[in-house]
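Structure record follows, encoded as structure tokens.
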Amino acid sequence: MKRVMGVVAGLVVLVAGVANADGAAVAGRKAPVVWGACPKVAGKTASAALECATVRVPLDYRHPMGQSIKIALNRIKAKVSRDAGHLGTLLVNPGGPGSSGRNLTEYVATSLPADVAERYDVVGFDPRGVGASEPSVHCVDPDTYYKAPRPDAVPHSRAEEKVLLARAAEYATSCGQLWSWLLPHLTTENSARDMDTVRAALGEEKISYLGYSYGTYLGAVYATLFPSRVKRLVMDSSVDPTGVWYDSNLKQDRAFERRHRQFLAWTAKHHDAYKLGATLKQTSFAYYAMRDRLRAKPAGGVVGPSELDDTFTVAGYSDKVWPQFAQAWSAYVRQGDVKGLTEIYAKHGKNDADDENGYAIYLSVQCRDARWPREWDRWRADMKAMHREAPFLTWPNAWFNAPCAFWPVRGGKPVDVRSSPKLPPFLMLQSRHDAATPYQGALQMARLFPRSRMVLERGGNHGVSLAGNKCLDGHLAAYLRDGTLPRRDTTCAAPPEPRPAERMTSGSPRPPGLLGILGVLEGLPVG
């Protein structure tokens with residue numbers, strides 16, 4: 001999510017018609033996508049095989065001949081021709097909402113087995129408002145809004161709560177002042193319709209799709225609206241499509257609490273390395289004592305309790321960071337060394353202009369997709385009750401979403417996600433202890449699509465495919481290769497538990513999987 005691309009090379013004009021539930025174009029005209037070289041981005045080296053383009057889509061699908069906006073694409077083209085086993089387009093999305101699909105393309109194309117990757121055009125897209133798509137939405141000055149240390153996300157008084165509440169209202173007001181013409185049209189449903197416009201522009205009768213996290217909800221909405229346009233569909237780390245979005249965040253708080261406690265238990269297990277306590281109770285005390293200390297004196301003048309929350313939330317997404325995070329925590333507690341905390345914050349928690357773009361779209365989509373409570377008394381009561389049960393994430397997650405209480409455009413009615421006889425069977429991949437998209441939500445997705453098959457990894461990371469689990473990746477490859485689905489109730493072992501390691505340096509590589517793909521995760525939201 002930490003990327004803003006330049007204007008892409010290549011231009012296509014497409015005015016798409018409104019599509020019916022079968023995905024057939026009712027009216028409109030299209031031109032083929034014109035692919036060209038991708039613009040250079042400072043500090044990044046892109047594959048020579050990567051091509052870029054844009055597709056023009058209607059701002060409002062009720063008025064397809066009216067104002068349009070641009071969706072940025074990139075692709076790595078298949079190596080085989082259509083008469084030699086070409087399988088069409090595999091569209092990819094990493095979630096969010098607000099994450100750039102163009103950042104996922106090369107990873108997927110190079111991580112899939114060669115005999116699968118070479119048969120697909122792997123295409124990433126920046127959803128409307130994101131990254132290189134035009135317009136790219138920003139609502140505030142990130143240097144000012146994210147200046148650290150920020151107010152503690154856990155209010156200790158009504159006065160502190162008012163400060164946080166004013167911050168949320170200010171963000172919503174700023175977005176409304178800048179983007180009043182666009183906000184009504186930033187919805188998951190419109191992003192799904194954009195996907196079908198892209199499909200038509202690519203000249204494909206059907207597309208295949210790989211979506212992570214919120215991308216599974218986007219995929220479910222697409223499958224509901226356009227079931228006959230789906231060739232193969234993979235959902236990795238599924239969102240509960242019946243809980244959008246206020247209820248989903250409360251459920252997420254419980255799931256992150258469980259995962260955080262797993263991290264604390266792991267730290268206790270390795271007391272010899274970290275000296276933070278030999279029991280869960282002891283490491284929990286040590287963690288919250290650190291948080292209280294940072295409230296009084298931020299580490300390096302930068303990492304206060306809210307910055308700590310942002311950083312250690314990443315440990316809920318991937319256990320690959322546990323050794324480095326525990327080492328930074330230990331060095332701070334036992335030696336007073338702030339370097340480790342400031343390093344992991346700079347690497348995993350710090351936000352910049354690209355993150356603010358992702359946050360703006362996250363709020364724009366979630367606040368518009370569905371109704372949110374407008375009475376703050378409801379939020380306060382719910383968060384106080386949940387905080388007693390799940391103190392790790394409840395209030396940080398609440399403030400992340402709080403602008404929805406003031407959003408200038410009211411939430412609508414979510415798409416009634418459902419299956420269709422026209423939709424082919426598809427593959428779901430899920431970890432048992434996923435915090436960001438809890439397992440119970442994946443079960444609900446599976447109930448809504450009874451012809452789907454789920455492979456369950458017995459671990460707890462988020463975004464489990466293409467992260468090194470050969471069992472799970474084998475099922476993904478088999479399905480993409482020829483549509484082979486696993487047996488029901490198929491499970492894969494969890495990856496090996498991480499082992500203690502030396503303190504992470506600034507040049508340490510990203511962990512594999514979705515965390516590595518995005519550089520940072522989508523933040524605190526469902527996606």
| Residues Tyr214 and Ser99: side-chain donor-acceptor under 3.5 angstrom | no

| said: Strictly by salt bridge (Lys or Arg N to Asp or Glu O under 4.0 Å), give each pair with a member in residues 260-285 just once, sequence neighbours left out. | reply: Lys269-Glu497

| task | For Pro391, check side chain to side chain contact (heavy atoms under 4.5 Å, CB included) against everything at least two apart and list the hits. | result | Glu257, Tyr288, His387

| note | salt bridge (charged side-chain N to carboxylate O under 4.0 Å, His left out) filter on Glu170, not counting sequence neighbours, yields none

| Among Phe325, Tyr287, Phe312, which residue meets the ring-ring contact (aromatic ring centres under 6.0 Å, His included) test with His260? | Tyr287

| request: Determine, step by step, whether Asn401 and Trp372 satisfy the side-chain contact (heavy atoms from CB on, under 4.5 Å) criterion, reporting the C-alpha distance in whole Å, the side-chain angles of both residues, the deciding distance to 0.1 Å, and the verdict. | output: CA-CA 10 Å; Asn401 290 280; Trp372 288 75; 3.6 Å; yes

| query | Between the main-chain N or O of Gly459 and the side-chain N or O of His433, is there a donor-acceptor pair closer than 3.5 Å? | reply | no

| query | Of Phe400, Tyr359, Trp399, which is the lone residue that meets ring-ring contact (aromatic ring centres under 6.0 Å, His included) with Tyr171? | reply | Tyr359

| query | Looking at residues at least two apart in the chain, or sitting in another chain, which of them share a side chain to side chain contact (heavy atoms under 4.5 Å, CB included) with Thr110? | reply | Glu106

| If we ignore angles and hydrogens, is there a donor and acceptor under 3.5 Å between the side chains of Ser248 and Asp240? | no

| said: Any heavy-atom pair between the side chains of Cys492 and Val455 that's under 4.5 Å? | reply: yes

| query | Pairs in or reaching into residues 292-392: which pass disulfide bond (SG atoms under 2.5 Å apart), with residues at least two apart or in two chains? | reply | Cys367-Cys404

| field | Spatial distance of atom OG1 (Thr187) from atom CZ (Arg368) [nearest 0.5 Å] | value | 7.5 Å

| said: Would you compute the distance between atom CG of Asn351 and atom OH of Tyr146 and round it to the nearest 0.5 angstrom? | reply: 4.5 Å

| request: Check the pair Thr491, Arg432 against side-chain contact (heavy atoms from CB on, under 4.5 Å), reporting the backbone distance first and the verdict last. | output: CA-CA 10 Å; Thr491 61; Arg432 180 64 181 84; over 6 Å; no

| Under the salt bridge (charged side-chain N to carboxylate O under 4.0 Å, His left out) test, residues paired with Asp319 that sit two or more places apart | Arg259

| query | Nearest 0.5 Å, what's the CG-CZ distance between Leu50 and Arg75? | reply | 10.5 Å

| task | May I ask you to decide if Ala493's main-chain N or O and Asn469's side chain share a donor-acceptor pair within less than 3.5 Å? | result | yes

| message | Using 0.5 Å steps for rounding, measure from the OG atom of Ser47 to the OH atom of Tyr107. | response | 15.5 Å

| query | Are Leu476 and Leu112 close enough that some pair of their side-chain heavy atoms sits under 4.5 Å apart? | reply | yes

| Is the closest side-chain heavy-atom distance between Pro408 and Leu183 below 4.5 Å? | yes

| request: Ignoring hydrogens and angles, tell me if any N or O in the side chain of Ser306 forms a donor-acceptor pair with the backbone of Ala153 under 3.5 Å. | output: yes

| For the atom pair SG (Cys175) and CG (Leu182), what is the distance rounded to the nearest 0.5 Å? | 10.5 Å

| task | Hey, could you give me each pair passing disulfide bond (SG atoms under 2.5 Å apart) that has a residue in residues 244-306? Not counting sequence neighbours. | result | none

| Checking side-chain contact (heavy atoms from CB on, under 4.5 Å) for the pair Leu73/Cys52: CA distance, chi angles, key distance, verdict? | CA-CA 6 Å; Leu73 314 176; Cys52 288; over 6 Å; no

| said: Going by side-chain hydrogen bond (donor to acceptor under 3.5 Å, both in side chains), name the residues that satisfy it together with Ser180, two or more places apart in sequence or in a different chain. | reply: none

| query | Would you call Asp247 and Lys251 a salt bridge, using N to O less than 4.0 angstrom? | reply | no

| Residues two or more places apart in sequence or in another chain: which of them pass salt bridge (charged side-chain N to carboxylate O under 4.0 Å, His left out) with Glu189? | Arg193

| query | Is there a donor-acceptor pair closer than 3.5 Å between any side-chain N or O of Ser133 and the backbone N or O of Arg128? | reply | no

| message | I'd like to check Trp407 versus Gln366 (side-chain heavy atoms, cut-off strictly below 4.5 Å). Are they in contact? | response | no

| query | Donor-acceptor pair, Arg167 side chain versus Tyr145 backbone, under 3.5 Å? | reply | yes

| query | Between the main-chain N or O of Val464 and the side-chain N or O of Asp236, is there a donor-acceptor pair closer than 3.5 Å? | reply | yes

| Evaluation steps, ring pair (Phe, Tyr, Trp, His ring centres under 6.0 Å), between Trp329 and Tyr274 | CA-CA 8 Å; Trp329 170 19; Tyr274 302 118; 8.3 Å; no

| query | Is a side-chain N or O of Thr283 found less than 3.5 angstrom from the main chain of Leu264, in a donor-acceptor match? | reply | yes

| note | side chain to side chain contact (heavy atoms under 4.5 Å, CB included) filter on Ala192, not counting sequence neighbours, yields Leu218, Val221, Tyr222, Leu225

| field | Under 3.5 Å donor-acceptor, Arg371 side chain and Arg410 backbone | value | no

| request: For the residue pair Thr313 and Phe392, establish whether any side-chain heavy-atom pair is separated by less than 4.5 Å. | output: yes

| query | Where is the tightest heavy-atom contact between Leu104 and Asn93, given as atom of each residue plus distance? | reply | CD2-C, 3.7 Å

| query | For the residue pair Cys139 and Leu178, what are the closest heavy atoms and their distance? | reply | O-CD1, 3.5 Å

| message | Just so I know, are the side chains of Val303 and Pro149 near enough to count as touching, which here means a heavy-atom distance under 4.5 Å? | response | no

| note | So the side chain to side chain donor-acceptor pair (under 3.5 Å) pairs with at least one residue in residues 154-166 (sequence neighbours excluded) are Glu160-Arg295, Glu161-Trp376, Glu161-Arg380

| message | Test salt bridge (Lys or Arg N to Asp or Glu O under 4.0 Å) on Lys350 and Asp355; report intermediate values, then the result. | response | CA-CA 9 Å; Lys350 189 176 181 179; Asp355 299 306; over 6 Å; no

| field | Contacts of type salt bridge (charged side-chain N to carboxylate O under 4.0 Å, His left out), residue Arg150, not counting sequence neighbours | value | Glu307, Asp310

| request: Return yes if some donor-acceptor pair links the side-chain N/O of Thr216 with the main-chain N/O of Val239 below 3.5 Å, else return no. | output: yes

| said: Quick check: do Trp395 and Asp309 have side-chain heavy atoms less than 4.5 Å from each other? | reply: no

| task | Take Trp245 and Tyr362, measure what ring pair (Phe, Tyr, Trp, His ring centres under 6.0 Å) needs, and give me the verdict at the end. | result | CA-CA 11 Å; Trp245 288 113; Tyr362 167 83; 8.0 Å; no

| query | Can the positive tip of Arg293 be found less than 6.0 Å from the middle of the six-membered ring of Tyr332, inside 45° of the ring normal? | reply | yes

| Closest contact, heavy atoms only, His271 versus Leu276 | ND1-N, 3.6 Å

| Do Asn357 side-chain atoms and His138 backbone N/O form a donor-acceptor pair below 3.5 Å? | no

| note | Tightest non-hydrogen contact, residues His462 and Ser213, listed as NE2-OG, 2.9 Å

